[in-house]
2 protein chains.
Amino acid sequence: MVMPAPAAAGPGGAAPGSVGDVRRSNLALVLGAIAEFPPGIHPSRAQVAGATGLTKASVSSLVLDLLDAGVIREIGLNPQGRGRPGVGLELSPSRSVMGMEINVDYISAAVVGLSGTVLLRQVEERDNRNSMDKPVLAALAALAAEVRSAARDQGVEVLGGGLAVPGLVDPARARVLTAPNLGWVDVDLDLDALLPGTALGVALFNEANAAALAELRHRADRGSTFLFVSGEVGVGGGIVIGSELFTGPGGHAGEVGHIVVDPDGGHCSCGGTGCLETVAGQDAIFIAAGLAPDVGSRSATMSALLQALESRVPQAVTAVERAGYFLGMALASTARVVDIDSVVLGGHFAVLEPWLRAPLLESLHKYAPGKYASEQVTVSAVGEFGALLGAAGSVIRSLVEAPHRLQP
Amino acid sequence: MVMPAPAAAGPGGAAPGSVGDVRRSNLALVLGAIAEFPPGIHPSRAQVAGATGLTKASVSSLVLDLLDAGVIREIGLNPQGRGRPGVGLELSPSRSVMGMEINVDYISAAVVGLSGTVLLRQVEERDNRNSMDKPVLAALAALAAEVRSAARDQGVEVLGGGLAVPGLVDPARARVLTAPNLGWVDVDLDLDALLPGTALGVALFNEANAAALAELRHRADRGSTFLFVSGEVGVGGGIVIGSELFTGPGGHAGEVGHIVVDPDGGHCSCGGTGCLETVAGQDAIFIAAGLAPDVGSRSATMSALLQALESRVPQAVTAVERAGYFLGMALASTARVVDIDSVVLGGHFAVLEPWLRAPLLESLHKYAPGKYASEQVTVSAVGEFGALLGAAGSVIRSLVEAPHRLQP
DNA sequence: CTCATATAGTTCAGGCAATGAACTAATACT
DNA sequence: AGTATTAGTTCATTGCCTGAACTATATGAG
């Protein structure tokens, strides 16, 4: 009897592991070292050797491959005091990645150089509320093509892209499971159509996750660990552990908006009851503050809310404080489950932070004493375009971690 | 000016990546393949080659190293129908790992062969409630030495061990942060004293995490993802994602016992308010059921509770149902945050499952509709000694994943 | 009983990648 | 101008995997 071999290198089974893997791994190591130097500082081969632990000889050979692939370039000379000056190395600014975003009120695209500089950005207002997916994607594809050709005119090649969408996504299958504000359910996206013929293709991200990644890039320190909570129409979240996005087994962890905070509360768009979103989402706050959300655009309503807060209108203040208190409760539970005790407030939580902070800290102290120090509650440093830039940045990072994907 | 190199292979920095790494990785690959064959089935070198994708030549060479290290052995012949029969390979049963546990009422130690068979097990009753750590560890060290010499008499060598403790631990620093039922706070453990002179040393585990690992070993399928909730005096939890324990950035994720489920509820031993533990911990259930927890031992009280449930005493039934309902609420939140929708009930939750199940499912359906299918709520297959065996099993697995640690 | 066939496992030349030492290149200090 | 110093390259060596050839050991047919 021939025994059936248990899953020949199948799912979960490690790869064969050959000698060529070493080169791939070291290629990434070298490129990563170059990328991690502060912007404006261009390390020499010798410095890269020092940073990676590889020998100068190995680094020279690896750098040659990276130059051939066009991922990095030599730039200027680097006087080291004595001795022969090193030639500076940097990620190639003429290679780029496109960040894209579909949101309720607009679509947008940006070209980001591998070194992180934003080369082009274009936003197109568009009402995507309850819009079908096909026309939205077609419009985005047109926008992307336009921006891409503008980049090409500058001699910049787009290697791939990342798309951020406000909803639950399955990145592996290029599928949007649900995006309540777009009215999408189980939508398969033809991502390759957005950037045809690129080496890396287009990756799909949840909006809050992408914004969390943007926040991560803004923090220079390695090994960052935090929870990014994004207050939008819904309440999204992204978990970053040790500078890695934690997406969970199914790809959509971090959905703090649907933690139960009010067991006897109202129904949620997700079908649940008493979710954080029902008390701390934009519409929930607006309604509690006595502002009808359908009067004018959302940003207008938000301005009205801010004005009411400035004027200390009791109903508005109470509404926001209530949201902060419940947010704290959700964060307390999150701290226990994923062992995180640092939070970054994004979206409307960032805007409302002055009024949110006190009740939030009070609530954290009550429900998770000793977990969140006050200085661990911070406001996002990335602005409105966080998701856009985060998506692009993440694709850049995945390229840096696997540069061999560019070499045939 | 010499630029300061950014962290030469420091924390977060990848290893140099040499050619020898390939061998280490493939050593683990081969050993893992041998380990993953069902117990009783001893694969030949050729079968291992098929399973791993390596060539027969490589496997032969790697197997030789593993034989030299004593991790595996050849056993019998394996007729394949036609042709020369293969020689069977298996994890060496004469090499073992010791699982150890400190709990409220006992200490225990077990010797588990690399192939997973329990060779020896010894439990020593001991009241560790509010006991100092030093005498408890001394008693455990004596027990371990005894069991270890008994193993040696059978020709079995103990390579290392794992210790499970009912409390929050920092595995990296061999530290128990808090173990309420033992009365321990910030206790540093001298783990090496438990098994002096072993190659692998002793690893530290949270009890619920260890039990989760034991549960994992019982499930043959790869890529298991579930939340193990352990009902003991406290309520612990262990998160397994893709057959890996998820411990979080600080090493103590999965503490579902302290998710907030009753915002206006009572104080918890952790200092928080309305934690799951305050309504679903053993003592909480006992009190709610009208059974004084200090009357006799806990197991006696549990028997009384079960009898009351059998007799359908309303107060007891309500108490357990309430616990189940709140447990469901905590699981609903967990599903959102870590994207898990499969739960294994352990400890008293396993015992009480017949009465818990209905309210638990009702609660899950209300707070996280569509996340947990009914068949995803299961009862633990591992018994009382889960933590003990899980700790040992995890150490065995870490050895399988890095066998080069045995070769100087 | 013998030979063809099939499978297991070993041996060996070839290739790839990192290493370390020797070497060339380019700068600053004296 | 000469020396010290640092950057980067060249080359022989080593280690490991691969693939092909080879040996070893079984089954089944005539």
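Protein chains get the first letters and strands the later ones, always in sequence-line order, with residue 1 at the start of each.
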Inset, instruction - Using a 4.0 Å heavy-atom cut-off across all strands, classify A:V87 as base, sugar-phosphate, or nothing. - result: sugar-phosphate

Inset, instruction - Would you kindly check whether a donor in the side chain of B:R84 faces an acceptor in the base of C:dA8, or vice versa, at under 3.5 angstrom? - result: yes

Inset, instruction - Return no unless some side-chain N or O of A:N26 is found under 4.0 Å from OP1 or OP2 of C:dA18. - result: yes

Legend entry - Distance, nearest 0.5 Å, that separates CD of A:E401 from CG of A:L27: 13.5 Å

Inset, instruction - Find the distance B:L64:CG to C:dT10:P and express it as a whole number of Å. - result: 8 Å

Legend entry - Euclidean distance, atom CZ of residue A:R45 to atom P of C:dA25 [Å, nearest integer]: 16 Å

Inset, instruction - Measure the distance from NE2 on A:H42 to P on D:dA7 and round it to the nearest whole Å. - result: 17 Å

Legend entry - Among C:dA26, C:dT5, C:dG20, the nucleotide that comes nearest once only the side chain of A:T55 is considered: C:dG20

Legend entry - Distance, rounded to the nearest Å, where A:E74 contributes CD and D:dG8 contributes C1': 10 Å

Inset, instruction - Report the C-alpha separation of A:S394 and A:R217 in whole Å, then their side-chain angles, then the decisive distance to 0.1 Å, and conclude whether the side-chain hydrogen bond (donor to acceptor under 3.5 Å, both in side chains) test is met. - result: CA-CA 9 Å; A:S394 175; A:R217 276 179 82 84; over 6 Å; no

Inset, instruction - Check whether any side-chain nitrogen or oxygen of B:R23 sits under 4.0 Å from OP1 or OP2 of D:dC17, and answer yes or no. - result: yes

Inset, instruction - Decide whether A:S61 and A:R23 meet the rule of one side-chain donor and one side-chain acceptor closer than 3.5 Å. - result: yes

Legend entry - From C:dG9, D:dT25, D:dG8, nucleotide with atom closest to A:K56 side chain: D:dG8

Legend entry - Spacing between B:L27 atom CG and D:dC17 atom P, to the nearest angstrom: 9 Å

Legend entry - D:dT18 OP1/OP2 closer than 4.0 Å to side-chain N/O of B:S58: yes

Legend entry - N/O (side chain, B:S60) to phosphate O (OP1/OP2, C:dA8) under 4.0 Å: no

Legend entry - Flag, side chain of B:N209 to backbone of B:T247, donor-acceptor distance under 3.5 Å: no

Legend entry - B:D21 CG - C:dT19 P separation (whole Å): 10 Å

